[in-house]
Amino acid sequence: MTRAFNPGLSKTSRRNVLRGTMLAGAAAMTGAGAMSAPRMPRLNGVNAASARLYKAADPQNATSDAKPANLSGYTRVKQQLVPPPFAPVHEQVATGDPKIVEITLETEERLMVVDEDNGASIWALTYNGSVPGPLIIVHVGDMVELTLRNPASSMMEHNIDFHASTGALGGGGLTHVYPGEECVLRWKATKPGCFTYHCAPGGDMIPYHVTHGMNGAIMVLPRDGLKDRNGNPLRYDSIAYFGEQDYYLPKDENGDYRTFEAAGDDYADSLEAMRGLIPTHSVFNGAVGALTGEGAIRAKVGETVLMIHNQANRDSRPHLIGGHGNYVWESSFTDPPLHDMETWFVRGGSAVAAMYTFEQPGVYAYVNHNLIEGVMLGATAHVVVEGQWDNALMEQVVAPRSFET
């Protein structure tokens, strides 16, 4: 089957497109003392603004005298990544010396239903099959050693940009993998906080991949754990990981959502929809209602939950209806946390942590408090809390009843 991805270009097969026009085959930068063969992108069909992003990924020569990293004293541990909204097993306070934390991410291009009510779906581009990609947790001083794999069955080239890392476009310049390829990247976690990671192949394919779900979060904890503004230790019982995803799904002339045969077939139509900057959906963890009903977060009265919120593309304003952010880190963990926040701010392209100890049972709604997005576009999750009601905090004195005027 042949298909034209950009108006004005000659028709080509998806596999040929992979090697040229459609994908931004950003050239690999070199590691210490090693040279990588460049993959030069062809810029047919991309706008001038995105072309500048290709140029940023042009091949660069590493200095010949770069020394290998000194890994003496590090021990290796494997972190078993788990699907959202859950977090991997980890220490809140680091024990021993910094470690090399080995993780594996495998790209998966999969058809996902975004909204069961109207059949809206997308060929999601994912890390480990989920939107968002799994939460990664390390400590300051640790080395993150990532194996990134792109199965031969993929249609596209992928890579990864860690906002927590330093150099090489966040690792994006060193991790371009075509279908059937893998690479290994190691970087040192030097900045404490919550950070976004995402795919960034180059040009228009950067927002295309991000708005198709290819993003996630990494939390870099201080070695001595989280603390309040007075230096007192803070501990949590569990983590709830929210990935807010904006989608721009193409519609046909009747206003119905279009369907596509394979990943990448929606490229031209998606770019057109994206240019309007108006999402058709803004959801948590991949789909409308993904974290409600059977998928709701579970907790108990007295439990402290660390809520991690990632938004790789747009600003967001999380609010826990019925609760608060007892401690909120909108920036680095080196900054004192904000206290008792009603609503907090997630800058587009970042992740934020908020801690709350539940005091009442019931259903709490965790929403983007741009309520158009929270209610109409899908950015709502539920936290179901079990326990004993406390009338000292809230009491229904009189149930709803009619009255005479």
Check whether any side-chain N or O of Glu108 sits under 3.5 Å from a backbone N or O of Arg110 as a donor-acceptor pair, and report yes or no.
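Flag not set: sc Glu108 to bb Arg110 has no pair under 3.5 Å.
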What's the verdict on side-chain hydrogen bond (donor to acceptor under 3.5 Å, both in side chains) for Asn215 and Gln245, showing C-alpha distance, side-chain angles and the deciding distance?
CA-CA 9 Å; Asn215 58 84; Gln245 181 63 55; 2.9 Å; yes
Compute whether any side-chain donor of one residue and acceptor of the other, for Asn368 and Glu244, lie under 3.5 angstrom apart.
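Looking only at side-chain atoms, Glu244 and Asn368 do form a donor-acceptor pair, the distance falling under 3.5 Å.
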Establish, yes or no, whether a centroid distance under 6.0 Å links the rings of [X] and [Y].
X	Y	answer
His198	His209	no
His309	Phe284	yes
Phe358	Tyr356	yes
Tyr327	His339	yes

Plane angle bin for [Y] and [X] - parallel if under 30°, tilted between 30 and 60°, otherwise perpendicular:
X	Y	value
His369	His319	perpendicular
Tyr257	His281	tilted
Phe162	Trp187	tilted

Please determine if Glu386 and Arg298 form a salt bridge, counting it only when a charged side-chain N lies under 4.0 Å from a carboxylate O.
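A salt bridge is absent here (no side-chain N lies under 4.0 Å from a carboxylate O).
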Taking the basic N atoms (NZ, or NE/NH1/NH2) and the acidic carboxylate oxygens, is any pair closer than 4.0 Å for Glu373 and Arg314?
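Yes.
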